[in-house]
Amino acid sequence: MDKAIGVIDSGVGGLTVVHELMRQLPKEQLIYLGDTARCPYGPRSKEEVQQFTWEMVDFLLTKNIKMLVVACNTATAFTLKDLKEQLDIPVIGVIQPGARAAIKSTENNQVGVIGTEGTISSGAYAQALTKIKSDIRVSGLACPPFVPMVERGVLSGPEAKAVVSEALRPFSNNKEMDTLILGCTHYPLLKSTIQEVMGEEVTVISSSEETARETSTLLEAHQIMNRSDLVPLHQFYTTGDLEIFIEIAKTIFHESNFQMLTIKQANISTNKVW
Ligand code: DGL
């Protein structure tokens, strides 16, 4: 049987990447793990994020995955280099793809990035962007209230609007910025509110499309693309509350996708599933 692609995030955010992987790579089986019980990762130390990320990876390695997608910017910023060095399967993060998508979009080289405290303070986006184009001007802003709000299932409405408007206030005077990177995989779930607050003249970029495209390129390069025509049965795991996870998944995936997936709770420190 063909092996699956493993996808990790601190919670439900990585499902935005899964959604795009399903669309672009419909033959691939996906095994997703969201560490909802310990979410958010954003305010945690680099060492803690690295430890939790490795625990997620170890869980997925027991499922014999053929490739790993780190669908979490915070884990990518702190752990991608080690994962690439130490794993003998291809590994991809979300920061490089997000940076590439922003470079394609910007016309005046003024790019904003919003993300968790960890991602913004790591400077990973500024590095990735200037590596591609040295005259890019990058303004970073951490938005700590977004992830806990998304994990509660608040994706739109008055509360979302108030929280997003308040957090993005420091950007309201920046009339130059033409592109805004959603540097956290939870944020695409708030995309319409973020777009509304930033205004139509700003292009809001999520890294999921570009990440799925690069996943496809890597599968091809390593000759591990699934060739079977059988419909894949995806497996989703959460370390946290199953009901809330299912509710949020329902807002992301179409009804028909639910026939293609199982959702279970997992304890990744003991590797138990129930
Ligand atoms: N979804 C994650 C990211 O892309 C992390 C959110 C969090 O746990 O703080 O950074």
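Just so you know, ligand 1 is whichever comes first in the structure, and atom 1 is the first atom listed for that ligand. Counting from 1, the numbers follow the sequence of the chain as shown. Values reported hereafter were calculated over all heavy atoms of this structure, with side chains retained and with hydrogens, waters and symmetry mates removed.
Taking only nitrogen or oxygen atoms, main chain and side chain alike, D9 reaches within less than 3.5 Å of ligand 1.
Regarding atom 1 (N) of ligand 1, its nearest protein heavy-atom neighbour is H186 ND1, 2.7 Å. Nearest to atom 3 (C) of ligand 1 among the protein's heavy atoms is N73 N, 3.2 Å. Of all protein heavy atoms, the one lying nearest to atom 5 (C) of ligand 1 is S10 OG, 3.3 Å. Closest protein heavy atom to atom 9 (O) of ligand 1: G42 N, 2.8 Å.
Applying side-chain hydrogen bond (donor to acceptor under 3.5 Å, both in side chains) to Y41 and the options T116, T74, D9, D35 leaves one that passes, D35. With respect to K66, the side-chain hydrogen bond (donor to acceptor under 3.5 Å, both in side chains) criterion is satisfied by exactly one of H222, E28, Q29: E28.
Listed by number with element, the atoms of ligand 1 under 4.0 Å from a non-hydrogen atom of C39 are 8 (O).
Applying the side chain to side chain contact (heavy atoms under 4.5 Å, CB included) rule to Q24 yields the partners E20, E209, A212, R213; only residues at least two apart in sequence or on another chain are considered. Applying the side-chain hydrogen bond (donor to acceptor under 3.5 Å, both in side chains) rule to E196 yields the partners K161; only residues at least two apart in sequence or on another chain are considered.
Ligand 1 does not have G11 within reach: every non-hydrogen atom of the residue lies 4.0 Å or more from it.
Ring centroid separation for the pair Y237 and Y32 does not come in under the 6.0 Å cut-off. Checked against a 6.0 Å centroid threshold, the rings of F258 and F236 do not count as neighbours.
The aromatic rings of F253 and H19 sit tilted relative to each other, their planes meeting at an angle between 30° and 60°.
Under 4.0 angstrom from ligand 1, the non-hydrogen atoms of T74 come from both its backbone and its side chain. Within the 4.0 Å heavy-atom criterion, both parts of T185, backbone and side chain, lie near ligand 1.
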